[in-house]
Colleague: 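Following this message is one structure expressed as structure tokens.
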Amino acid sequence: MGDHGSWITLLGLGVIVAGVAARLNILLVVTASALVTPLLAGRTPYEAVAMLGRYATSSRYISVMWTILPLIGLLEWAGLSAAARGLVSRLSLKTPGHVLRGYFLMRQIAAALGLTSLGGQVQMVRPLIAPMAEEAGRAMTNGTLTKEEGEMLRAAAAATDNVAGFFGEDIFLAVASILLMQAVLEANGVQVSPWQLSFWAIPSALMALTVSWICFRRLDRRLRR
Amino acid sequence: MIGMGAIYTGLGLFFFYTAYSASRGRTWNGAVVGGFWGLYGLNFFAGSALSDFSNGLIIIGMTLLAVFMRAQPSTQTVVEAAPAIFPEPAGKAAIKSAMPRLLVPLLIVPAVAVLFVLVAPWVQWHRQPLIDPKRTNQIGYVIATLAGLAVAWWRLRPPAGLPFASGSALVRRVGWPLVLPQILAMLGGVYMGAGVNHQLSTLLTAILPAGNELAAVLGYTTGMMMVSALVGNAFAAFPILFGALGLPVLVESFGLPPAPVAAIGMLCGFSGTLLTPMAVNFNIVPVSLLGLRDRFAVIRAQIPAAIFVFTGNTLLLYALTFFEGHPSP
């Protein structure tokens, strides 16, 4: 058996495509692919299960982000979401577009300065931004916001956090993806400075800003009816 | 040295508590949910001591339980009343004056996290770092959330145990997607270990026509987008595609500078991440956090930005072949 197995190993990726297409539970799809792929590469079942355990355990550090949940739970018990809704009128944010535009700018600039932790679905979107966007929508439609429109605004808040974060963080020099690129380039014998890499992230940041601005305006116009 | 051990133990206890409060109702679903979080807690609490094979069995057990969990979301115990979608405050009075008390702990978290990362390298004892340098970000984040929790506890005086009860109710609201970021990282590791990266780059170099700039640029950027979408993560796709097409074809034979090839490729991968349910923590976790009925609502809202930035980046990289490219014969 060759060190890298054969092309048959790629059928492990096919498990993902088939599983997602069949709308199966994604955890099931991922675990199945992680079990099948080493078997296709010629490992024994015992080795395949052990591989699963080894990489799952060494990846535990990723789940550390959930340590914030008790704090969010406490603040929500004390009325954070209601306070966030109050913030909408105090900052005179008249439409959901205003809320999301402000958050987009703040999130993108903070990410470009390396403050990626100033944002996030659990930390900011659920407790603050989604209720604020929904409240602004409610105020704008004089309380006639439908359930569907409310969910649309919450989804837009979540999307704003992702888009602004993704297309902002690469401008910062010491972010994980820049470090990864540098490491991969170095492993291939190419030396580049992080400055050069982050320079090429600027067009993406501007494109994301432009298209989001248009989306926010369309969102407001849809609510204005 | 302060490492991750204590943090994993603490998180393990938190998930054990979640398992306990889920199974208190003594229903069939409560037992399934309890079993799932109990196994997850075990991976945190004892994962370092258990063998790789036992940890693998834990993951398989969790997966099987998760399949049955999805059918019936649990909503029975008292604490679950707390984190409704956007809960009403316990006492509605004086929301305005409550604002700083509620916002300050939330903003303490990023502030302390950043401060910690800046200060950590200087914290030494006999010239040995006191804080594990490989995990400074994670350790700083945990310390920051604890600082936020301490300030909130001091200002708000909740009933004892309430933060953990409502925190674990949030864990149950998110459900099995909560473990997926970690399990996807596991998948990336398994793929590397099984040689998938190597096989995929062999395949891609074989199918693309040689000497055509547009085909190479398109193959590279769409490849980054699609492989990132497939594995839910641009970081796993980058070494494969850069090694297969970016470096040998775009840089070495077309003469493009390596920095834009790398950076633009990575950003095309980010576009792919915005479009896939495999990027669970970005696209699926918010669906359950925000109580959305459409599983693809967040992805749908991201389509314009993802496609627009992807197209712009592909054109930008193609334009560079006119300015900087000097194809070798």
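Here the structure is a predicted model, which is why all the values come from computation and not from measurement. Letters go in sequence order (proteins before strands), and every chain restarts at 1.
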Colleague: Given that the side chain runs from C-beta out, which part of B:Ser48 has a heavy atom under 4.5 Å from chain A: side chain, backbone, both or neither?
Modeller: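 Contact with chain A involves both backbone and side-chain atoms of B:Ser48.
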
Colleague: What part of B:Val287 is in contact with chain A, defined as an atom under 4.5 angstrom from a non-hydrogen atom: side chain, backbone, both or neither?
Modeller: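 Contact with chain A: none, neither part.
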
Colleague: Heavy-atom distances under 4.5 Å only: say whether B:Phe282 touches chain A with side chain, backbone, both or neither.
Modeller: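 Looking at B:Phe282, backbone and side chain both touch chain A.
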
Colleague: Please determine, among A:Thr160, A:Asn162, A:Ile68, the option with the most heavy-atom pairs under 4.5 Å with chain B.
Modeller: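 Looking at each option in turn, the highest pair count goes to A:Asn162.
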
Colleague: So what's closer than 4.5 Å to chain A heavy atoms on B:Ser271: side chain, backbone, both or neither?
Modeller: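 Backbone plus side chain of B:Ser271, per the 4.5 Å heavy-atom cut-off to chain A.
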
Colleague: For B:Leu289, is there any backbone N or O sitting under 3.5 Å from a side-chain donor or acceptor partner on A:Gln121?
Modeller: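 Pair absent, no side-chain N/O of A:Gln121 close to backbone of B:Leu289.
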
Colleague: Heavy-atom cut-off 4.5 Å, strictly under: side chain, backbone, both or neither for A:Met65 against chain B?
Modeller: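 Backbone plus side chain of A:Met65, per the 4.5 Å heavy-atom cut-off to chain B.
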
Colleague: At a 4.5 Å cut-off on heavy atoms, which part of A:Val49 comes close to chain B: side chain, backbone, both, or neither?
Modeller: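 Both the backbone and the side chain of A:Val49 come within 4.5 Å of chain B.
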
Colleague: Hey, could you give me the CZ/CG distance between A:Phe216 and A:Leu100, rounded to the nearest 0.5 Å?
Modeller: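 So the gap between those two atoms works out to 5.0 Å.
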
Colleague: Between A:Leu10 and chain B, which part of the residue has a heavy atom less than 4.5 Å away: side chain, backbone, both or neither?
Modeller: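 Contact with chain B involves the side chain of A:Leu10 alone.
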
Colleague: Please flag which part of B:Leu107 lies under 4.5 Å from any non-hydrogen atom of chain A: side chain, backbone, both or neither.
Modeller: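 Just the side chain, heavy atoms under 4.5 Å.
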
Colleague: Is chain B contacted by the side chain of A:Leu28, its backbone, both, or neither, given a heavy-atom distance below 4.5 Å?
Modeller: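 Both parts, backbone and side chain.
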
Colleague: Give the C-alpha distance, both sets of side-chain angles, the deciding distance and a yes or no for side chain to side chain contact (heavy atoms under 4.5 Å, CB included) between B:Ile139 and B:Ile7.
Modeller: CA-CA 8 Å; B:Ile139 297 169; B:Ile7 294 171; 4.1 Å; yes

Colleague: Would you sort out whether A:Gln191 and A:Leu185 count as a side chain to side chain contact (heavy atoms under 4.5 Å, CB included), showing the intermediate values?
Modeller: CA-CA 7 Å; A:Gln191 294 285 341; A:Leu185 286 164; over 6 Å; no

Colleague: Give, as side chain, backbone, both or neither, the part of B:Val231 having an atom under 4.5 angstrom from any heavy atom of chain A.
Modeller: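 B:Val231 touches chain A through side-chain heavy atoms alone.
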
Colleague: A:Val30 versus chain B, heavy atoms under 4.5 Å apart: side chain, backbone, both or neither?
Modeller: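 Both parts, backbone and side chain.
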
Colleague: With a 4.5 Å heavy-atom cut-off, do A:Arg126 and A:Glu76 have their side chains touching?
Modeller: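 Result yes, sub-4.5 Å side-chain heavy-atom pair found.
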
Colleague: Contact between B:Tyr141 and A:Gln123 at the side-chain level, heavy atoms closer than 4.5 Å - yes or no?
Modeller: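 Yes, their side chains come closer than 4.5 Å.
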
Colleague: Report which part of B:Leu230 has an atom under 4.5 Å of a heavy atom belonging to chain A: side chain, backbone, both, or neither.
Modeller: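 For B:Leu230, the contact with chain A is made by backbone and side chain together.
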
Colleague: Nearest 0.5 Å, please: how far is CD1 in A:Ile171 from CZ in A:Phe199?
Modeller: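 Reported value, rounded in 0.5 Å steps: 11.0 Å.
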
Colleague: Applying the side-chain contact (heavy atoms from CB on, under 4.5 Å) test to A:Pro127, which of A:Val122, A:Leu71, A:Ile72 qualifies?
Modeller: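 Result for side-chain contact (heavy atoms from CB on, under 4.5 Å) with A:Pro127: A:Ile72.
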
Colleague: Return the option, out of B:Asn281, B:Leu50, B:Leu187, with the maximum number of heavy-atom pairs under 4.5 Å with chain A.
Modeller: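 Among the listed options, the one with the most contacts to chain A is B:Leu187.
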
Colleague: So B:Asp52 and A:Thr57, side-chain hydrogen bond (donor to acceptor under 3.5 Å, both in side chains) or not? Walk me through it.
Modeller: CA-CA 8 Å; B:Asp52 287 344; A:Thr57 307; 5.7 Å; no

Colleague: Under 4.5 Å heavy-atom distance to chain B, tell me which part of A:Leu128 shows up: side chain, backbone, both or neither.
Modeller: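 For A:Leu128, the contact with chain B is made by the side chain alone.
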
Colleague: Any side-chain heavy atom of B:Leu156 sitting closer than 4.5 Å to one from A:Leu75?
Modeller: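 They are in side-chain contact.
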
Colleague: Could you tell me which of A:Leu69, A:Leu180, A:Val190, A:Leu74 has the largest number of non-hydrogen atom pairs under 4.5 Å with chain B?
Modeller: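 Answer, by heavy-atom pair count under 4.5 Å with chain B: A:Leu74.
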
Colleague: Determine the option with the most heavy-atom pairs under 4.5 angstrom with chain A, choosing from B:Asp294, B:Val309, B:Val298, B:Leu149.
Modeller: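 Ranked by heavy-atom pairs under 4.5 Å with chain A, first place is B:Val309.
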
Colleague: For the candidates B:Gly246, B:Pro158, B:Ser51, which exhibits the highest count of non-hydrogen atom pairs separated by less than 4.5 Å from chain A?
Modeller: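 Heavy-atom pair counts peak at B:Pro158.
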
Colleague: Chain B heavy atoms under 4.5 Å from A:Val29: which part of the residue, side chain, backbone, both or neither?
Modeller: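 No part of it gets close to chain B.
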
Colleague: Would you call A:Arg138-A:Glu135 a salt bridge at under 4.0 Å N-O?
Modeller: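 Salt bridge: yes.
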
Colleague: Does the side chain of B:Gln182 reach to within under 4.5 Å of the side chain of B:Phe44, using non-hydrogen atoms?
Modeller: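 Heavy-atom side-chain distance check passes, below 4.5 Å.
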
Colleague: Quick one: are B:Met4 and B:Gln138 in side-chain contact, heavy atoms under 4.5 Å?
Modeller: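 Answer yes - side chains close enough.
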
Colleague: Below 4.5 Å, heavy-atom pairs only: which of A:Cys215, A:Gly165, A:Ala155, A:Ser193 has the largest tally toward chain B?
Modeller: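 When all of A:Cys215, A:Gly165, A:Ala155, A:Ser193 are compared, A:Ala155 has the most.
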
Colleague: Can you tell me if CE on A:Met106 sees more than 12 non-hydrogen neighbours from other groups inside 6.0 Å?
Modeller: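 Enclosed.
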
Colleague: Looking at chain A, which one of B:Ile60, B:Val285, B:Val251, B:Ile284 has the largest number of heavy-atom pairs inside 4.5 Å, strictly under?
Modeller: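 Counting heavy-atom pairs under 4.5 Å, the top option is B:Ile60.
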
Colleague: Could you label the plane-to-plane angle of the A:Phe167 and B:Phe270 rings as parallel, tilted or perpendicular, counting under 30° as parallel and over 60° as perpendicular?
Modeller: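 Answer is tilted, since the angle falls between 30° and 60°.
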
Colleague: Is A:Leu35 close to chain B through its backbone or its side chain, or both, or neither, when contacts mean heavy atoms under 4.5 Å?
Modeller: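 When you check distances to chain B, only side chain atoms of A:Leu35 fall under 4.5 Å.
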
Colleague: Is it the side chain or the backbone of B:Phe235 that comes within 4.5 Å of chain A heavy atoms, both, or neither?
Modeller: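 Both backbone and side chain.
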
Colleague: Specify which of A:Glu47, A:Met152, A:Met207 makes the most heavy-atom pairs with chain B at under 4.5 Å.
Modeller: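 The option with the most such pairs is A:Met207.
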
Colleague: Between A:Ser63, A:Ser58, A:Ala158, which residue shows the highest count of heavy-atom pairs closer than 4.5 Å to chain B?
Modeller: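 Highest number of pairs under 4.5 Å: A:Ser63.
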
Colleague: Before accepting this row, confirm whether a basic side-chain N of the pair A:Glu148/B:Arg293 lies closer than 4.0 Å to the acidic partner's carboxylate O.
Modeller: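 Yes, this pair counts.
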
Colleague: Mind running side-chain hydrogen bond (donor to acceptor under 3.5 Å, both in side chains) on A:Ser33 and B:Tyr191 for me, showing each step along the way?
Modeller: CA-CA 9 Å; A:Ser33 178; B:Tyr191 279 172; 2.7 Å; yes

Colleague: Using heavy-atom distances under 4.5 Å, tell me whether B:Ile183 contacts chain A through its side chain, its backbone, both, or neither.
Modeller: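 When you check distances to chain A, atoms from both the backbone and side chain of B:Ile183 fall under 4.5 Å.
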
Colleague: Identify which part of A:Val184 has an atom lying under 4.5 Å from any heavy atom of chain B, answering side chain, backbone, both or neither.
Modeller: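 The answer is the side chain of A:Val184.
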
Colleague: Among B:Leu146, B:Val171, B:Asn283, B:Leu106, which residue forms the greatest number of heavy-atom pairs with chain A at distances under 4.5 Å?
Modeller: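 Of the options given, most contacts go to B:Leu106.
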
Colleague: If I measure from the heavy atoms of chain B, does A:Pro38 come under 4.5 Å with its side chain, its backbone, both, or neither?
Modeller: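 Its backbone and side chain both get close to chain B.
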
Colleague: Which one of A:Lys147, A:Arg54, A:Gln196 has the most heavy-atom pairs closer than 4.5 Å to chain B?
Modeller: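 That would be A:Arg54.
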
Colleague: Checking heavy atoms, do the side chain of B:Phe14, its backbone, both or neither come under 4.5 Å from chain A?
Modeller: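 The answer is the side chain of B:Phe14.
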
Colleague: Is B:Ile58 in contact with chain A via its backbone, its side chain, both, or neither, using a 4.5 Å heavy-atom distance?
Modeller: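 For B:Ile58, there is no contact with chain A at all, as no heavy atom is under 4.5 Å.
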
Colleague: Can you check side chain to side chain contact (heavy atoms under 4.5 Å, CB included) on B:Met266 and A:Ile178, steps first, answer last?
Modeller: CA-CA 9 Å; B:Met266 180 65 95; A:Ile178 298 269; over 6 Å; no

Colleague: Just so I know, are the side chains of A:Leu153 and A:Leu145 near enough to count as touching, which here means a heavy-atom distance under 4.5 Å?
Modeller: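 In contact.
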
Colleague: Quick one: what part of B:Leu267 sits under 4.5 Å from any heavy atom of chain A, side chain, backbone, both or neither?
Modeller: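 Contact with chain A: backbone and side chain both.
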
Colleague: Please identify, among B:Pro258, B:Ala262, B:Gly47, B:Pro260, the residue contributing the most non-hydrogen atom pairs under 4.5 Å to chain A.
Modeller: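 If we count pairs closer than 4.5 Å to chain A, B:Pro260 comes out on top.
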
